[in-house]
Amino acid sequence: MALKNQYLIDLLETVKKRNPGEPEFIQAVTEVLETLQPVAEKRQDLIDAGVFERIVEPERQIMFRVPWVDDNGKVQVNRGFRVQFNSAIGPYKGGIRLHPSVYLGIIKFLGFEQVFKNSLTTLPMGGGKGGSDFDPKGKSDGEVMRFCQSFMTELCKHIGADTDVPAGDIGTGAREIGFMFGQYKRLRNEFTGVLTGKGLTYGGSLARTEATGYGLCYFTDEMLKANGSSFDGKTVVISGSGNVAIYATQKATELGAKVVTVSDSNGYIYDPDGIELALVQQIKEVERGRIKEYAERTSHKNAEYHEGSVWTLKCNAGSIKLDIALPCATQNEINEDGAKAIVANGGFAVAEGANMPSTPEAIETYLSNGLLYGPAKAANAGGVATSGLEMSQNSERLSWTFEEVDSKLHGIMKSIFKACDEAAKEYGCEGNYMAGANIAGFLKVAEAMKAQGCV
C-alpha cells in the first residue's frame, strides 16, 4: 500500500528529515500513514487541527546516564530512555525494554505503536515506552538490582500513577520490576500503582503474566471465527520462548491446536508431537537457559533443534507444515522470504505477539496472498490491557480473581477485533485488519487531541 495522498507524503518526508538513522520509527510511521489515507481524505477537520503532525511527534523524550557497579567493583555506564509519546486519552503507558539493541529509534517506534494499541484496548491510557541498552543476560541478581536502582533513580522524576506508568518488556520481568518498584517507593516515599507487572504480594494482578499470550490467542480466535475457522485441529508455529510465546503456546493448545515450534536468538525447536511446555518453562523461566537444551531433555524422540530463524520453516524431514503463524520474538523477525515460506508451507493466518515482527515486504506478502493478518497493535494488546486492569485494581485497593481478570481480558480482545473489523469496513478496506487497527486506534486519540486544542 503506497502513499498517494500528497499531504501525508509531505508529512512523512518531514518525519524522515527529523528522525535520521531511526529506521524502525520511520517504518512504523510509514505503515500507519499509509493506512490512514482514507481518514485524511474524509476528515479535513483533523488536518486543520494539525492532529497528523502532532501524533507523529513525541510529547517528550528523556535520555539519561545509568551508572552502576558490577560484581568486580568496576563502574559500568548504560544509557536510559523514556519516550512519552501521547497523553491525549490517559497517562503514558508502555513497557521498559532492557536489551543491547535499544537506542532512541527503537523506543520511539515502540512508543508510537503503543499509542494506537492502548487506544484500541478501550481503557484510558496514553502511549509511551522506555528502556536501556543494558543486557540482563549473564548478570547476577546483584548486578541487575544495582542497575535497576540506578535506572529508577533518574526515571522516578518523570513517572507517576497519574503521569506515566511503565511495565515490563523484553529483558524486564518480575525480578526487574520488583527492584525498580522498591527503589521508586524508597525515593518517593509512596506506595502507588506506578509500575505494572508487579508481584502478587505488592499490588500485581493475577493473569498479567499470561495476558499477552492469552490475548493473542483470543484475538486470533475471533479473527478465525469471523472467517469460518478456528484453532481446533490446526498446527501452529510460534517463535520466541519468553513470556508471550509460552502463554500463547498454552492457550493455543487449550483451544485445540498443536504448537510445534519455539525459538530463541540462537535457534529453534521443531517438535512434531507438540511442544512440551513444562520443559520450556523450566529451561527459560527457571534456569534462564538456551532453547537447544529442549532437544536434549525432552521425552519426545522426534524433537529437533536447528540453528537460525524458525521462519526458514525447515526440519530434517523437509518443510514444516503449518496453518497458523504466531511470531512472538522481536521486531522484523519475519522478512519477505519468511512470509513466502509461511505461504508455501500452508499457512493461512498470521497474528503478531511481538511488536512489529513483520517487515513491510512480509506484510505485503500476507495481504497479496489472502492470509488473515492480525497486526501487533491489535493482536498483542492483551498485555497492556491487563496492565490497565492492574492500574484499576491498584486505584481501588482491590485484587480480582484470575477468572475475573481473564474474563475481562477476553472481552477486551473481542472488542478490539470488532473495532478493527468495523473500521476496515467503514473505510473501504474490509478484511484488512492492519488498516482497521490503525484507523480505529487513531480516531479515538485524534478526537481527544482535537477536543483539547493545540497542545
Return the [atom1] to [atom2] distance between [X] and [Y], rounded to the nearest 0.5 Å.
X      : Y      : atom1 : atom2 : answer
Asp273 : Thr298 : CG    : OG1   : 8.5 Å
Ser205 : Glu404 : OG    : CD    : 10.0 Å
Cys148 : Leu98  : SG    : CG    : 6.5 Å
Leu123 : Ser392 : CG    : OG    : 6.5 Å
Glu222 : Lys414 : CD    : NZ    : 5.0 Å
Met125 : Leu120 : CE    : CG    : 10.5 Å

4.5 Å side-chain heavy-atom contact, [X] and [Y]:
X      : Y      : value
Ser319 : Leu313 : no
Lys314 : His306 : no
Glu254 : Phe231 : no
Val237 : Ile324 : no
Val144 : Glu176 : yes
Arg175 : Met145 : no
Ile159 : Val165 : no
Leu216 : Cys328 : yes

Determine whether a donor-acceptor pair (N or O, by modelled atom type, separation under 3.5 Å) exists between the side chain of [X] and the backbone of [Y].
X      : Y      : result
Arg97  : Gly131 : no
Asp169 : Ile96  : no
Asn394 : Gly203 : yes
Asp133 : Arg79  : yes
Thr253 : Thr249 : yes
Ser119 : Lys444 : no
Gln149 : Arg146 : no
Glu304 : Asn316 : yes
Gln250 : Ile246 : no
Asp323 : Thr235 : yes

TODO: Please determine which of Arg288, Lys137, Lys284 meets the salt bridge (Lys or Arg N to Asp or Glu O under 4.0 Å) test together with Asp264.
DONE: Lys284
How far apart are the closest heavy atoms of [X] and [Y], and which atoms are they?
X      : Y      : result
Val236 : Ala257 : CG2-CB, 3.6 Å
Val29  : Leu12  : CG1-CD1, 4.2 Å
Ala354 : Thr330 : CB-N, 3.7 Å
Ser241 : Ala245 : N-CB, 3.7 Å
Glu53  : Val56  : O-CG2, 3.3 Å
Gly308 : Tyr268 : O-CD2, 3.5 Å

May I ask you to check whether [X] and [Y] show a side-chain donor-acceptor distance below 3.5 Å?
X      : Y      : answer
Asn438 : Glu31  : yes
Tyr92  : Glu59  : yes
Glu143 : Trp68  : no
Asp71  : Ser140 : yes
Asn302 : Tyr270 : no
Ser387 : Arg208 : yes
Lys251 : Tyr218 : yes
Glu113 : Asn355 : no
Thr196 : Lys93  : yes
Glu333 : Ser239 : yes
Glu336 : Thr359 : no
His300 : Asp271 : yes
Gln282 : Glu287 : yes

Task: Phe134 and Phe151 aromatic centres sub-6.0 Å - done: no
Open item on the list: Please check if the number of heavy atoms outside Lys418 that lie under 6.0 Å from its NZ is greater than 12.
Closed with: no
Open item on the list: Counting only heavy atoms not in Arg297 (residues, nucleotides, ligands), do more than 12 fall under 6.0 Å from its CZ?
Closed with: yes
Open item on the list: Under the criterion salt bridge (charged side-chain N to carboxylate O under 4.0 Å, His left out), I'd like the reasoning laid out for Lys185 against Glu190: C-alpha separation, chi angles, the key distance, then a yes or no.
Closed with: CA-CA 5 Å; Lys185 182 165 62 71; Glu190 59 183 35; over 6 Å; no
Task: Test ring-ring contact (aromatic ring centres under 6.0 Å, His included) applied to Tyr184 - qualifying residues, sequence neighbours left out - done: none
TODO: Please name all residues satisfying ring-ring contact (aromatic ring centres under 6.0 Å, His included) with Phe181, sequence neighbours left out, ordered by chain then number.
DONE: Phe191, Tyr202
- [ ] May I have the step-by-step check of side chain to side chain donor-acceptor pair (under 3.5 Å) for Asn332 and Gln27, ending in yes or no?
- [x] CA-CA 10 Å; Asn332 290 330; Gln27 178 184 335; 3.0 Å; yes
TODO: Any ring pair (Phe, Tyr, Trp, His ring centres under 6.0 Å) involving residues 378-400? Give me the pairs, sequence neighbours left out, ordered by first then second residue.
DONE: none
Open item on the list: Testing Lys157, Arg188, Met180 one by one against Met152 for a side chain to side chain contact (heavy atoms under 4.5 Å, CB included), which residue passes?
Closed with: Met180
Task: Salt-bridge present (Glu307, Lys292; N to O < 4.0 Å) - done: no
- [ ] Report the relative orientation of the aromatic rings in Phe219 and Phe417; use parallel for angles under 30°, tilted for 30 to 60°, perpendicular for over 60°.
- [x] perpendicular
Open item on the list: Classify the ring geometry of Tyr373 against Tyr366: parallel below 30°, tilted from 30° to 60°, perpendicular beyond 60°.
Closed with: tilted
Task: Evaluation steps, side chain to side chain contact (heavy atoms under 4.5 Å, CB included), between Lys108 and Gln61 - done: CA-CA 9 Å; Lys108 279 164 69 176; Gln61 302 180 67; 3.3 Å; yes
